[in-house]
Amino acid sequence: MKLMTKHIPQHILYLNGVSKTFDGFKAINDLSFTVKPGELRAIIGPNGAGKTTMMDIITGKLKPDVGDVFFRDMVDLTKHDEADIANMGIGRKFQKPTVIESLTVFENLELALTGNRGVFKALFHKLDAEQYRRIDEVIKRVGLAEKRDWLGGNLSHGQKQWLEIGMLLNQEPDLLLVDEPAAGMTDHETELTAKLLKEIAGERSVVVVEHDMEFIKALACPVTVLHEGHVLAEGTLEQVQANEQVIEVYLGR
Amino acid sequence: MTSQSRLAWLMNDVAGRRLMALILAVIIILPVLNLWVPKDSFFHVSSYTIGLLGKYLCYALLALAVDLIWGYCGILSLGHGAFFALGGYAMGMYMMRQIGDRGVYGNPLLPDFMVFLNWQELPWYWYGFDNFFFAMVMVALAPGILAFVFGWLAFRSRVTGVYLSIITQAMTYALMLAFFRNDMGFGGNNGLTDFKDLLGFSLQKDTTKVALFVCSGVALILGYLLCRYVVSSKLGRVLVSIRDAESRTRFIGYRVEHYKLFVFVLSAMLAGVAGALYVPQVGIINPGEFSPINSIEIIIWVAVGGRGFLYGAIIGAVLVNYGKTFFTGAFPEIWLFMLGGLFVVSTLFLPQGVVGIVQQWKDKRAEKKALQAGASGEVAS
Ligand SMILES: Nc1ncnc2c1ncn2[C@@H]1O[C@H](COP(=O)(O)OP(=O)(O)OP(=O)(O)O)[C@@H](O)[C@H]1O
Ligand SMILES: [Mg+2]
């Protein structure tokens with residue numbers, strides 16, 4: 001179920017005053033953060049800054065204690081669960097790459113392919129020629145053409161990352177949340193990943209979490225620095241790198 | 001290769017087709033050897049054997065139902081005996097009402113145990129069971145409804161893993177206690193027995209026994225084909241995805257609880273059919289069938305045969321039950337220890353059961369062949 005809005009929303013994602021506490025520990029603390037349609041945004045921050053937790057909140061895995069989380073200006077994401085949110089058009093790549101290990105690359109992509117998610121539809125589902133073409137196109141795009149019939153579990157770490165990005169593409173979401181895509185990738189692969197994400201942005205909004213500064217640099221996009229569940233700084237990479245607070249808590253380690 | 005042919009789900013399943021052909025041969029040849037070969041001939045197959053194999057076929061269908069949810073969706077039900085027993089009770093109720101006034105007390109309407117309890121009228125939930133088709137619908141519907149309600153509550157609240165296993169076990173235990181009670185109206189302790197006939201055919205006759213045996217085989221084959229179709233469909237791949245990475249599946253947009261519910265209900269219905277075919281062949285259904293240990297035994301059959309292949313469950317059910325028949329006859333004291341040992345051995349050393357060993361052995365041979373053929377070192381590791 002894709003939401004049909006006539007005009008482009010002001011914000012694809014809007015977080016305001018969001019907090020989340022785990023056993024008294026504030027993982028997310030009064031976080032406010034917005035993403036515009038078609039924007040590419042990088043998020044950096046030290047370990048435990050709350051980057052993954054923020055994604056958990058946006059995708060319905062966690063409910064915030066307080067705060068607003070809106071998608072396309074109108075949809076209150078705190079009122080929906082994971083499957084609903086995924087079907088609205090928010091796709092997610094996990095920090096630890098998770099592909100379906102006992103399905104092939106092709107089958108992983110087939111499952112992710114946008115379309116009806118109903119039980120009985122799935123029972124009688126047959127891929128049509130267009131869908132085959134689409135899957136094969138994505139397989140090529142993420143460089144797994146030779147691994148088409150490999151089991152997900154037999155792929156290398158980097159290849160799993162690519163497969164997961166491919167699955168994300170096949171979902172055709174309006175907003176992609178990509179958690180540490182370059183982890184475990186060679187320099188060359190990292191470069192290709194940055195290129196791919198830049199291509200995707202524009203027609204879709206992309207939020208990327210990453211520690212690799214070379215990668216962030218290659219993305220050449222606005223950067224948000226998270227620290228202790230709160231936005232510490234926002235701006236271009238040069239600007240945040242020059243920010244003294246940022247240097248103190250993160251970059252200058 | 002993902003073949004696009006309409007029958008790909010069947011064509012790609014070589015082992016399954018062989019096993020189905022074998023079962024088909026058995027249910028064609030054995031009846032002939034039983035009914036038409038003279039009793040003193042070497043080739044005669046006794047009615048005892050027919051009854052025994054008929055039981056195995058029902059167990060195999062039950063194991064298949066368990067493998068569908070456990071092997072493909074990771075739902076370890078330790079209460080599937082309950083669905084089997086419910087199907088059995090539905091069939092038993094039909095056969096009780098078939099007795100009519102031929103019971104000890106000669107009451108045309110009430111089964112003997114109700115007369116014995118001084119009941120004056122038939123409880124409402126026994127209505128309709130004099131009709132064969134109604135009873136057959138209930139065979140699948142009763143377990144299906146229980147599975148639906150139970151699954152809806154459990155899967156919606158995201159109860160998984162050990163917790164789910166424990167509550168399925170509690171479910172069958174609670175049902176056992178309930179069915180033990182006389183005032184439940186299912187014959188209490190003694191259950192339902194002294195059946196006379198089914199659709200007018202006497203249960204004592206060899207032809208009826210053979211017919212039940214053949215029906216069990218046919219039900220197993222149809223059940224297998226249905227399960228194979230399900231697991232080969234996209235739905236089957238969603239199930240595997242739930243088994244391997246449940247939360248990932250949600251984030252792709254699949255409603256995990258709906259998928260689990262579907263396959264759980266389907267599996268319960270298959271178990272009910274197995275129970276319904278089982279009861280006329282053994283002549284009795286009592287609350288013992290709900291006993292938790294029965295449900296655990298089913299898991300052992302599947303584990304021994306090989307989880308997640310479908311045909312493995314069938315092989316496991318027949319092997320273990322053949323062992324049970326043999327050992328409970330020869331050394332009744334040690335059977336339970338053997339069963340426990342079997343489970344330990346199969347989980348520790350044979351994660352893929354008997355079918356897995358054969359598979360490994362085949363892979364090794366294929367590898368060797370590839371090496372001997374002097375392939376250019378392109379053997380997949
Ligand atoms: N389910 C949970 N229960 C308790 N604490 C949690 C839970 N999830 C996260 N946390 C804590 O919240 C904090 C933020 O974690 P989070 O995973 O969001 O950090 P991160 O910014 O993604 O870090 P990293 O760069 O290491 O991935 C951490 O201190 C973590 O231990
Ligand atoms: Mg993280």
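Values in this document were obtained by computation on a predicted structure and should not be read as measured data.
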Measure the CD1-CD1 distance between Ile100(A) and Ile252(B) for me, rounded to the nearest 0.5 Å. 5.5 Å

Smallest heavy-atom separation, Leu103(A) atom then Arg237(B) atom, equals CD1-O, 3.7 Å

Does Gly118(A) offer a backbone N or O that forms a donor-acceptor pair with the side chain of Tyr254(B) under 3.5 Å? no

Taking side chain as everything from C-beta outward and backbone as N, CA, C, O, which of these in Phe262(B) sits under 4.5 Å from a heavy atom of chain A? Side chain, backbone, both or neither. side chain

Who wins among Ser102(A), Gly91(A), Ala122(A), Gly60(A) for the most heavy-atom pairs under 4.5 Å with chain B? Ala122(A)

Measuring from atom CD of Glu82(A) to atom OG of Ser247(B), what distance do you get when rounded to the nearest 0.5 angstrom? 7.0 Å

Heavy-atom pairs under 4.5 Å with chain B are the metric here; pick the option from Glu110(A), Met167(A), Arg92(A) that has the most. Glu110(A)

Could you check whether atom CH2 of Trp150(A) has more than 12 heavy atoms from other residues, nucleotides or ligands sitting under 6.0 Å from it? no

For a quick test of reading the model, state the closest non-hydrogen atom pair linking Asn87(A) to Gly253(B) and the distance between them. ND2-O, 3.0 Å

Under 4.0 Å between a side-chain nitrogen and a carboxylate oxygen: does that hold for Asp81(A) and Arg250(B)? no

CZ/Arg117(A) to OG1/Thr249(B) distance, rounded to the nearest 0.5 angstrom? 10.5 Å

Taking Arg248(B) for the side chain and Phe94(A) for the main chain, is one N or O donor matched with an acceptor at less than 3.5 Å? no

For Ala86(A) versus Phe251(B), what's the shortest heavy-atom pair and its separation? CB-O, 3.2 Å

Tell me, yes or no, whether the heavy-atom count around Lys368(B) atom NZ, taken from other residues, nucleotides or ligands under 6.0 Å, exceeds 12. no

If I compare all heavy atoms of Asn116(A) with all of Lys234(B), which pair ends up nearest, and what's the gap? O-NZ, 4.1 Å

Closest non-hydrogen atoms of Leu111(A) and Val238(B), given as atom of the first, atom of the second and distance, are CD2-CG2, 3.6 Å

Pairwise side-chain contact, His125(A) with Leu235(B), heavy-atom cut-off 4.5 Å (strictly under): no

Indicate the ring-plane relationship of Tyr229(B) and Phe124(A), choosing parallel, tilted or perpendicular according to the 30° and 60° boundaries. tilted

Highest number of heavy-atom pairs under 4.5 Å with chain A: which of Val263(B), Asp244(B), Val256(B)? Asp244(B)

State whether Lys61(A) and Glu246(B) are salt-bridged, where the test is any N-O pair (Lys NZ or Arg NE/NH1/NH2 against Asp/Glu carboxylate O) under 4.0 Å. no

